[in-house]
Amino acid sequence: MSDSRHCPASRAGHTRREPMRRSREPRANLGDVAYLPVVTVNETGAFLDWGHSRDLLLPYGEQRFRPSVGRRVLVKIYEDQQGRPVASQRLDRHVADVAEGLSAGDEVALVIAETTDLGYKAVVERRFWGLLYGDEVNRPLRRGQGVTGYVKRVRDDGRLDLSLLPSGSARLDVVGESVLKALRESGGYLPLGDKSSAAEIKARLGVSKNAFKQAIGRLYKQGVIRLEPTGIRLVPSGEQGPPGDSG
């Protein structure tokens, strides 16, 4: 009896699928928050392809809306009272507002949930909600995307502010690597500098003007780049070194 809920072979209008041999979806597991495609809808609920031998049930009581076949839904995978894996679109039932065991600077796994007026709401370490401010985002993000992030701040109320970049010198290392990568890809020169607008820098490198200025200042002191009136230039590897050291 229970097998009929998970096997699509007997459902009207559907033939037996072979999703495990065709699916390109990453495997999701118990406890994960995942963005999964709907493969069947019947009187029991919706069934999702999660990369296992049986499709994953999304019961009607755990749905925020009635999903159609082919649509993706963001769900939390948990065990029901009978110990079976099921899915829920009602993430607030399973994801806490107040975080425990995390501190500013911690590296965390994020799943993007939705956009807000301030930026992006994300699930942190599969358990907590966090807010990723728009000005902390250095690349396009989409719902259900998994990214590595960092705890920027734990607020007094226990809620999390997030960033895609680490803090302190580690942040400058990441931005500096982005600058060097862009320089190499553009033939060793970028028309960006102190006088460039924040929008230009954001569009080209995906970072704030302040982070860019700090990073190129550090690279200049290391002798890796030269500062020119209209931009920055990569110093050839054989000539690199702090300014004034080569004589």
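Note that the structure is a prediction, hence the values are computed from the model and not measured.
Proximity of Gln63 to Leu58: side-chain heavy atoms (C-beta onward) are separated by under 4.5 Å at one or more points. A 4.5 Å side-chain heavy-atom check between Leu48 and Val39 finds every atom pair outside the cut-off. No side-chain heavy atom of Arg72 sits less than 4.5 Å from a side-chain heavy atom of Val38. In this structure, Tyr35 and Ile112 have side chains that are not in contact, with every pair of non-hydrogen atoms separated by 4.5 Å or more. Leu30 is listed as a side-chain neighbour of Pro85, based on a closest heavy-atom distance under 4.5 Å. The shortest side-chain heavy-atom distance between Ile216 and Asp194 falls under the 4.5 Å cut-off. Side-chain contact between Leu192 and Leu205: present, with at least one pair of heavy atoms (C-beta onward) separated by less than 4.5 Å. Using a 4.5 Å cut-off on side-chain heavy atoms (C-beta onward), Val111 and Leu74 make contact.
For the residue pair Trp50/Asn29, the side-chain donor-acceptor check at 3.5 Å is not satisfied.
Residue pairs meeting the ring pair (Phe, Tyr, Trp, His ring centres under 6.0 Å) criterion with at least one partner in residues 56-79, sequence neighbours excluded, are Tyr78-His94. For residues 141-154, the pairs satisfying side chain to side chain donor-acceptor pair (under 3.5 Å) are Glu136-Lys152, Arg153-Asp161, with sequence neighbours left out. Listed by first then second residue, pairs satisfying salt bridge (charged side-chain N to carboxylate O under 4.0 Å, His left out) with a partner in residues 224-234 read Arg226-Glu239, Glu228-Arg233, not counting sequence neighbours. Applying the side chain to side chain donor-acceptor pair (under 3.5 Å) definition to pairs two or more places apart or across chains, none involves residues 115-125. For residues 96-111, no pair satisfies side chain to side chain donor-acceptor pair (under 3.5 Å), with sequence neighbours left out.
Atoms NZ and CD, from Lys209 and Gln214 in turn, are 13.0 Å apart once rounded to the nearest 0.5 Å. Residue Phe212 holds its CZ atom at 6.0 Å from OG of Ser196, rounded to the nearest 0.5 Å. Rounded to the nearest 0.5 angstrom, Leu132 CG and Ser163 OG are separated by 7.0 Å.
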Starting from the C-alpha separation in whole Å, work towards a yes-or-no answer on side-chain contact (heavy atoms from CB on, under 4.5 Å) for Val98 and Asp157.
-> CA-CA 7 Å; Val98 177; Asp157 61 5; over 6 Å; no
Mind running side-chain contact (heavy atoms from CB on, under 4.5 Å) on Leu180 and Leu234 for me, showing each step along the way?
-> CA-CA 8 Å; Leu180 292 176; Leu234 185 64; 3.8 Å; yes
Test Asp32 against Arg126 for side-chain contact (heavy atoms from CB on, under 4.5 Å), laying out the working first.
-> CA-CA 6 Å; Asp32 286 350; Arg126 311 192 307 177; 2.6 Å; yes
side-chain contact (heavy atoms from CB on, under 4.5 Å) assessment of Arg64 paired with Arg90 | CA-CA 6 Å; Arg64 294 178 61 191; Arg90 301 185 181 278; 4.2 Å; yes
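Among all heavy-atom pairs drawn from Ala99 and Phe128, the shortest one is CA-CD2, 3.6 Å. Listed here is the closest heavy atom pair of Gly176 and Leu219: O-CD1, 4.0 Å. Looking at every heavy atom in both residues, Ile201 comes nearest to Val207 through CG2-O, 3.7 Å. The nearest pair of heavy atoms linking Gln89 to Val73 is NE2-CG1, 3.6 Å. Between Leu36 and Ala28, the shortest heavy-atom distance links the atoms CD2-CB, 4.3 Å. Of all non-hydrogen atoms in Leu190 and Ala182, the two that sit nearest each other are CD1-CB, 3.8 Å.
At least one donor-acceptor pair under 3.5 Å links the side chain of Asp80 to the backbone N or O of Gln82.
For the side-chain hydrogen bond (donor to acceptor under 3.5 Å, both in side chains) test, no residue two or more places apart in sequence or in another chain qualifies with Arg71.
Linking Ile, Leu, Val, Met, Phe, Trp and Tyr whenever their side-chain heavy atoms come within less than 4.5 Å puts Leu227 and Val175 in one cluster. Hydrophobic clustering of Ile, Leu, Val, Met, Phe, Trp and Tyr side chains at less than 4.5 Å, counting indirect connections, keeps Leu162 apart from Leu118. Follow the hydrophobic side-chain contacts under 4.5 Å out from Leu91 and you never reach Leu131; the two are in separate clusters.
Test Ile232, Ile225, Thr230 against Tyr189 for side-chain contact (heavy atoms from CB on, under 4.5 Å) and you get one pass: Thr230.
A salt bridge does not link Glu62 with Lys76: every distance from a Lys NZ or Arg NE/NH1/NH2 to an Asp or Glu carboxylate oxygen is 4.0 Å or more. With respect to the salt-bridge test (charged N to carboxylate O, under 4.0 angstrom), the residues Glu200 and Arg204 do not qualify.
For Arg155, the CZ atom is densely surrounded, since the number of other residues' heavy atoms within 6.0 Å is greater than 12.
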